[in-house]
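Just so we're on the same page: letters track the sequence lines, and every chain starts at 1.
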There are 2 protein chains.
Amino acid sequence: MKANLEDIARAAGVSKMTVSRVLRGGSGFSGETAQRVMQAAERLGYIPNRLAAAFGAEQASTLVGMCVPRLTSGLFGHVLDGVDRALTRLGFQLMIGANNHSAAEEEAWVRQLVSWRPAGVILSGRTHTPATVDLLRKAALPVVEIWDLTTSPIDMAVGFSHFDCGVEMGRHLIRRGRRRAGYVGALARADVMGAARLDGFRSELAQAGHPLVDAEVLHDAPGFYAGYYGMETLLSRRGDLDAVYFHNDEMAIGGLAFCQARGLRVPDDIGVAGWGGMEAASILPRRLTTTVVPTTAIGKAAAEALAARLTGVAGPDVTIVPTRLVPGETV
Amino acid sequence: MKANLEDIARAAGVSKMTVSRVLRGGSGFSGETAQRVMQAAERLGYIPNRLAAAFGAEQASTLVGMCVPRLTSGLFGHVLDGVDRALTRLGFQLMIGANNHSAAEEEAWVRQLVSWRPAGVILSGRTHTPATVDLLRKAALPVVEIWDLTTSPIDMAVGFSHFDCGVEMGRHLIRRGRRRAGYVGALARADVMGAARLDGFRSELAQAGHPLVDAEVLHDAPGFYAGYYGMETLLSRRGDLDAVYFHNDEMAIGGLAFCQARGLRVPDDIGVAGWGGMEAASILPRRLTTTVVPTTAIGKAAAEALAARLTGVAGPDVTIVPTRLVPGETV
DNA sequence: TCTGGCTACGTTACCGGTAAACCAATGGAG
DNA sequence: CTCCATTGGTTTACCGGTAACGTAGCCAGA
């Protein structure tokens with residue numbers, strides 16, 4: 001039914017090996033032979049078998065795995081897009097997985113992945129089980145950890161400091177005269193990076209002499225609803241806040257919706273800041289003050305770091321991508 | 001370096017085949033043997049080689065491919081999530097690709113995919129090149145086409161009628177007393193499904209005796225900005241519209257932002273309707289009138305249809321998932 | 001006692017490529 | 001005229017699993 005190299009070889013009157021070389025565009029054959037082979041392959045509707053190729057030649061396959069926290073995150077959608085575009089251009093295939101912010105789920109996924117003998121892996125975050133790290137080391141896979149900067153990456157890293165994002169936003173709020181700031185987060189205990197931003201925020205405020213008044217870290221996923229209700233909860237405990245920093249833009253927009261619903265004027269009565277830089281944030285009636293993260297660039301850089309490693313070019317082990325605090329009209 | 005079945009066999013004092021049977025949880029071995037094998041495998045840090053397994057046994061692999069129009073779409077993020085959760089539970093791995101609304105790019109991706117001999121494929125939409133269809137047929141792959149209902153799916157389909165969505169929204173606007181409706185779309189000529197909604201919308205309005213006044217279909221990606229500027233463009237041409245139907249919720253929200261910026265009162269001066277049902281739509285100051293699409297359910301159904309087909313259970317060829325028009329406060 | 005069926009394995013033959021080694025012409029340099 | 005490099009191939013030996021089939025030992029029932 002399905003043609004293989006042998007069939008083409010027979011049809012073209014050459015050996016299997018010659019067909020292999022022609023189809024992979026190598027050398028060691030005449031133009032005339034090449035044409036006969038190509039025609040035969042075309043005529044027989046040959047579909048290459050990468051399974052056999054990757055298996056037979058122990059050389060790296062063209063498979064790259066990537067694990068994100070959640071597939072529903074707008075930010076990671078852009079990261080994925082950046083990765084996918086770069087990998088496609090470089091001739092790789094992308095295998096994805098979601099770990100739902102759980103290192104154990106990530107381990108299970110990595111275990112599946114390495115059994116496909118991929119060329120490399122891209123992981124999100126720096127929280128991995130020891131078994132995961134062990135597995136990756138044993139498989140001798142190029143690994144890129146994205147999103148957060150790790151002091152000691154497993155292999156390579158592309159990202160930025162979440163702590164610094166928090167610090168910067170804290171400084172901004174202080175500069176804008178805010179003195180009683182709160183924080184609304186999500187994914188309590190599951191998301192290390194949101195926690196890092198909160199740490200940075202808290203530390204900067206404390207240093208400025210106007211420490212964080214209160215923080216509400218929900219267990220929910222960081223969406224609009226969570227922002228709305230987080231804001232409600234926080235303000236019901238502390239009605240005297242003059243600014244609230246959110247886990248991300250979606251939540252901040254939810255928070256803004258709450259303010260609107262309660263007749264709170266932003267930024268006069270209360271300031272609101274987000275994080276991430278989703279498109280909607282810049283088109284709200286009042287542009288949201290937020291930190292823009294170069295998501296697509298991170299994905300692209302991760303894919304290219306991996307590809308560079310695979311072609312033997314020594315790239316940088318750690319790539320720092322700059323985030324940018326964009327002052328809007330909400331604080 | 002890396003252990004294989006042979007190594008385990010040697011260590012456990014049995015044959016390769018017995019190891020294979022034990023590790024795959026089959027039968028034909030004693031409990032004592034099983035334990036020796038397991039321990040040896042554990043001790044040697046055995047990592048199975050799915051490449052070899054899928055290659056050797058011509059049986060279907062556990063690889064499933066999925067192609068979406070854009071990875072940055074919020075709606076498709078949820079579809080992907082639904083697919084991924086279901087597939088992971090069923091023991092499959094997900095390989096993804098984006099076609100950027102281009103049948104040619106989809107073909108290129110499918111060509112790559114089939115060379116991995118996957119167990120099945122999930123495609124978005126019903127626009128495929130003849131070569132794509134041919135390729136899939138030749139590979140005898142189970143195929144699920146999602147998102148849009150196809151009259152004659154390649155194999156299976158999970159989705160709904162975009163035309164009907166448009167019809168329903170047209171009816172809603174008429175019921176609300178709107179008589180001069182416009183439309184703002186995106187991805188001109190690339191997105192067949194948005195066009196189908198517009199067709200349905202247009203046809204229903206015409207039938208009601210209040211035909212569509214004007215439509216502005218941009219070439220851009222359907223985001224907030226596009227909605228903002230699309231609204232601006234449309235209203236500059238036709239200032240007398242009393243309602244605008246948007247390609248999706250993001251664009252509708254962009255349109256709302258424009259209204260706010262220009263001091264247009266919604267829904268008094270003008271009505272706004274979206275499509276898709278993003279979370280943000282329900283938390284806006286005025287809840288957006290939109291059609292909610294059960295994205296995650298579609299993904300789940302697609303994955304399960306595929307799995308059913310693979311286990312030999314005959315599932316339905318076409319699964320219709322219901323969309324729901326949710327009247328908000330914007331029209 | 002013989003037969004048949006079960007359990008618990010072992011043997012053998014692939015799957016479809018690729019690397020590496022090998023070989024037969026051919027043409028040009030010395 | 002010989003030698004050697006180059007061109008254009010072929011042959012062989014794997015890669016690591018799995019299916020299919022073979023078989024020894026044991027026990028039950030006729």
Side-chain angles (χ1 to χ4, degrees), chain A residues 1-38 40-41 44-63 112 114-119 138-140, chain B residues 1-38 40-41 44-63 112 114-119 138-140:
Chain A
M1 181 75 215
K2 253 180 254 172
N4 58 22
L5 286 195
E6 192 86 51
D7 300 327
I8 300 177
R10 227 184 339 263
V14 293
S15 76
K16 213 169 91 166
M17 200 57 222
T18 300
V19 175
S20 172
R21 281 201 273 256
V22 169
L23 293 183
R24 279 183 300 154
S27 64
F29 49 82
S30 66
E32 196 236 357
T33 303
Q35 225 159 15
R36 277 213 321 280
V37 168
M38 298 284 222
L44 296 173
Y46 174 67
I47 300 173
N49 188 337
R50 257 177 222 277
L51 232 42
F55 164 62
E58 259 327 279
Q59 51 147 355
S61 77
T62 59
L63 212 55
Q112 298 289 325
V114 295
S115 73
W116 284 101
R117 307 287 139 110
K138 208 171 282 170
Chain B
M1 179 75 215
K2 255 182 250 170
N4 59 21
L5 286 195
E6 193 86 52
D7 300 327
I8 300 177
R10 227 184 340 260
V14 292
S15 76
K16 214 168 93 165
M17 200 59 220
T18 301
V19 176
S20 172
R21 281 197 274 254
V22 169
L23 292 184
R24 278 183 302 153
S27 64
F29 48 83
S30 68
E32 195 236 355
T33 302
Q35 226 159 16
R36 275 211 325 278
V37 169
M38 298 284 221
L44 295 174
Y46 174 67
I47 298 173
N49 187 337
R50 257 177 221 277
L51 232 43
F55 164 62
E58 257 326 279
Q59 52 150 354
S61 78
T62 59
L63 211 55
Q112 297 291 324
V114 296
S115 72
W116 285 102
R117 308 288 138 108
K138 208 170 284 170

Non-hydrogen side-chain atoms of [X] and [Y] separated by less than 4.5 Å:
| X | Y | result |
| --- | --- | --- |
| A:Ile8 | A:Val22 | no |
| B:Leu23 | B:Tyr46 | yes |
| B:Lys2 | A:Lys138 | no |
| A:Ile47 | B:Arg117 | yes |

In this structure, CG of A:Asn49 is separated from CZ of B:Phe55 (nearest 0.5 Å) by 6.5 Å
Earlier contact from the 5' end, DNA chain C, for B:Gly28 and B:Ala52: B:Gly28
Which residue, B:Arg117 or B:Arg36, contacts DNA chain C at a nucleotide closer to its 5' end, judged by nearest heavy atom?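 That would be B:Arg36.
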Select base, sugar-phosphate, or nothing to describe what [X] touches, counting heavy atoms under 4.0 Å on all strands.
| X | answer |
| --- | --- |
| A:Thr33 | sugar-phosphate |
| A:Ser15 | base |
| B:Phe55 | base |

Minimum heavy-atom distance between A:Val14 and A:Arg36, given as atom pair plus value: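 Closest approach of A:Val14 to A:Arg36: CG1-NH2, 3.6 Å.
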Return the minimal non-hydrogen interatomic distance between A:Ala9 and A:Ser15, and the atom names on each side. CB-C, 3.6 Å
Heteroatom pairs (N/O) under 3.5 angstrom, protein to nucleotides 19-22 of chain C:
| residue | atom | partner | partner atom | Å |
| --- | --- | --- | --- | --- |
| C:dA19 | OP2 | A:Arg24 | NH1 | 3.2 |
| C:dA19 | OP2 | A:Arg24 | NH2 | 3.4 |

Going 5' to 3' along DNA chain D, which are the first and last nucleotides with any atom under 4.0 Å from a heavy atom of chain A?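 For DNA chain D, the relevant span reads D:dG8 to D:dG16.
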B:Phe29/B:Val37 under side chain to side chain contact (heavy atoms under 4.5 Å, CB included): CA gap, chis, key distance, verdict: CA-CA 10 Å; B:Phe29 48 83; B:Val37 169; over 6 Å; no
Would you indicate, yes or no, if C:dG10 has its OP1 or OP2 atom less than 4.0 angstrom from a side-chain nitrogen or oxygen of B:Thr18?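 True: B:Thr18 side-chain N/O within range (under 4.0 Å) of C:dG10 OP1/OP2.
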